[in-house]
Protein chains: 2
Amino acid sequence: MTETPTNKVSLQDKRSQAMRAKICHAAIECLDRLGYAETTFAKIQAKANVSRGAITHHFPTKQALVAATAMQLLSNAQGPVERGDTLGVLPVYDLIMTSWNRIVNSSGGRALVEILVACRTDAELYQLLEDSLLDWDQSNLALIAQSYTSTDGDREDTELLWSIARNFLRGLLLHEKFVSSPEYLTRMMDRFARMMETQLSVRPTPDLEIDQ
Amino acid sequence: MTETPTNKVSLQDKRSQAMRAKICHAAIECLDRLGYAETTFAKIQAKANVSRGAITHHFPTKQALVAATAMQLLSNAQGPVERGDTLGVLPVYDLIMTSWNRIVNSSGGRALVEILVACRTDAELYQLLEDSLLDWDQSNLALIAQSYTSTDGDREDTELLWSIARNFLRGLLLHEKFVSSPEYLTRMMDRFARMMETQLSVRPTPDLEIDQ
DNA sequence: ATAAAAACAGAACGGGCGGTCTGTAAACTG
DNA sequence: CAGTTTACAGACCGCCCGTTCTGTTTTTAT
């Protein structure tokens, strides 16, 4: 069934989704490069090369746009943790390093932090994102717990450790510009990853069913 | 001696400094409660109960005001790490807990994070604060290294560990609103503090000279 | 084919922002 | 005590922001 006769996704839906993705992509770049405050409709419009009406049509308010952008970022940030460059499960050390290099310290990761910070003081934005972020957190922890386990074998401890790692990496993002030298940041990452290695390990019996 | 003969600090200087402190204090509250973007001259003016002219007289631009606020926050955040409630040096576990409760997760700590985030994308603000923040970082690490030491006795390792702790606590601030329950946050703190306990310890020979 | 609805396009607008500018009182200087 | 400087006070302004509103084109339903 290559051709789906009863095409649920109409031509309009496709255009719509493409436009929304285009706008959100531009929003991510703006958030990363300009920060939340300077991320304005005009800037997004210019970067995405779309009209003003297109933006306001799809996103009635700025918070709605940012919330939609955040949700897209979350779904993007979900997968790559486990399947990095290699097909199998990464060693703990590499998991930390890859999370930093590919997820947190990326355009999307930095944009997400901007949004998280904005959520702290923007009640409307917070309300739009609260549920999604809690869900993401849960499923992200579950994903980790599938492939990794605390040395004491406790499921909750595994999740705690990974939560700690995530928060450390996010905090590192704020500190990055004020680190004395790039090498020092490398050493911090190395030290943290080595510390985590002593607490966390790859689950001895990997999942039998591996998708794709 | 109400009248100090060789008065280095003039009456003007006193008024000036008092006004600046008043404005910065209001700025801290605004940054904490409203975030950087919504922290505006008008809001600060209202919260501090001062005139608009007073603010613009002391701080030519918003960045200058925020930078001055940040410097005040840094000097406040420097001391309390070591001498918490007790007079002596805190155990590592308590050091972590106290740092969170009294420093990072305080009005000033949250304001500082807002400023750090703003620095990432505001070149002018970054330039004003770069040196001060690097200096603060150095002296903060030195302060810790005075009272604590890595289990392997290495000075640099001590600093790395404390840098890790600081970044974790800051990251936790971003995540705080999205934690599933307050107890979970407590458990994260406990888990992290216990992990740090295995790496860091109170220096066996405390400093002989203790100021004040 | 035709009507309705959705997807844009872009002008318009009120408000609040950061920054400037002028006026006044207090504090220093000689 | 005169004269200058500093510390405020508050009006003012241009700009840009988020939002709204009115067309125009494209898709969809009948």
Side-chain angles (χ1 to χ4, degrees), chain A residues 4-24 26-27 30-31 34-69 114-115 118 121-125 128, chain B residues 3-24 26-27 30-31 34-69 115 118 121-125 128:
Chain A
T4 46
T6 58
N7 210 345
K8 289 297 283 285
V9 286
S10 61
L11 201 148
Q12 270 193 352
D13 284 350
K14 271 185 187 171
R15 283 216 314 175
S16 225
Q17 271 186 263
M19 176 62 83
R20 289 172 67 95
K22 200 172 172 185
I23 293 170
C24 285
C30 284
L31 285 167
L34 309 172
Y36 183 79
E38 297 289 322
T39 294
T40 161
F41 281 126
K43 307 264 183 67
I44 295 172
Q45 171 187 355
K47 184 147 297 212
N49 253 320
V50 300
S51 77
R52 191 63 177 279
I55 298 181
T56 55
H57 173 68
H58 289 286
F59 307 104
T61 144
K62 186 183 176 181
Q63 282 92 342
L65 197 164
V66 171
T69 304
E114 289 285 333
I115 297 173
T121 48
D122 189 327
E124 193 180 334
L125 182 59
L128 287 172
Chain B
E3 66 284 359
T4 44
T6 58
N7 210 342
K8 289 296 285 284
V9 285
S10 63
L11 202 149
Q12 270 192 352
D13 284 353
K14 271 184 186 170
R15 284 216 313 179
S16 225
Q17 271 185 265
M19 177 61 84
R20 288 171 68 96
K22 200 173 172 185
I23 294 169
C24 284
C30 285
L31 285 166
L34 310 172
Y36 183 80
E38 297 289 322
T39 294
T40 161
F41 281 128
K43 307 264 182 65
I44 295 173
Q45 172 187 355
K47 183 147 296 210
N49 253 319
V50 298
S51 76
R52 186 64 184 280
I55 298 180
T56 55
H57 173 68
H58 290 285
F59 307 104
T61 133
K62 186 182 176 181
Q63 282 92 342
L65 197 166
V66 172
T69 304
I115 297 173
T121 48
D122 188 327
E124 193 179 334
L125 181 60
L128 287 173

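Every chain is numbered from 1 and lettered A, B, ... according to where its sequence line falls, protein lines coming before strand lines.
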[N] OP1/OP2 closer than 4.0 Å to side-chain N/O of [X]:
X: A:S51; N: C:dG10; result: no
X: B:H57; N: D:dA7; result: yes
X: A:T61; N: D:dG18; result: no
X: A:T56; N: D:dT20; result: no

Atom-to-atom span, [atom1] of [X] to [atom2] of [N] - whole angstrom:
X: B:E38; N: C:dG16; atom1: CD; atom2: P; result: 11 Å
X: B:I44; N: C:dC17; atom1: CD1; atom2: P; result: 11 Å
X: A:I23; N: C:dA7; atom1: CD1; atom2: C1'; result: 11 Å

When you match B:G53 and B:R15 each to their closest nucleotide on DNA chain D, which lands nearer the 5' end?
-> B:R15

Residue B:F41, side-chain heavy atoms: nucleotide from C:dA6, C:dC28, C:dG19 that is nearest | C:dG19

The side chain of A:H58 lies closest to which of these nucleotides: D:dT6, C:dC8, D:dT20?
-> C:dC8

Determine the contact category for A:S16: base if any of its heavy atoms lies under 4.0 Å from a base atom, sugar-phosphate if only primed atoms, P, OP1 or OP2 are that close, otherwise nothing.
-> sugar-phosphate

Assign A:R52 to base, sugar-phosphate, or nothing according to its heavy-atom contacts below 4.0 angstrom with the strands shown.
-> base

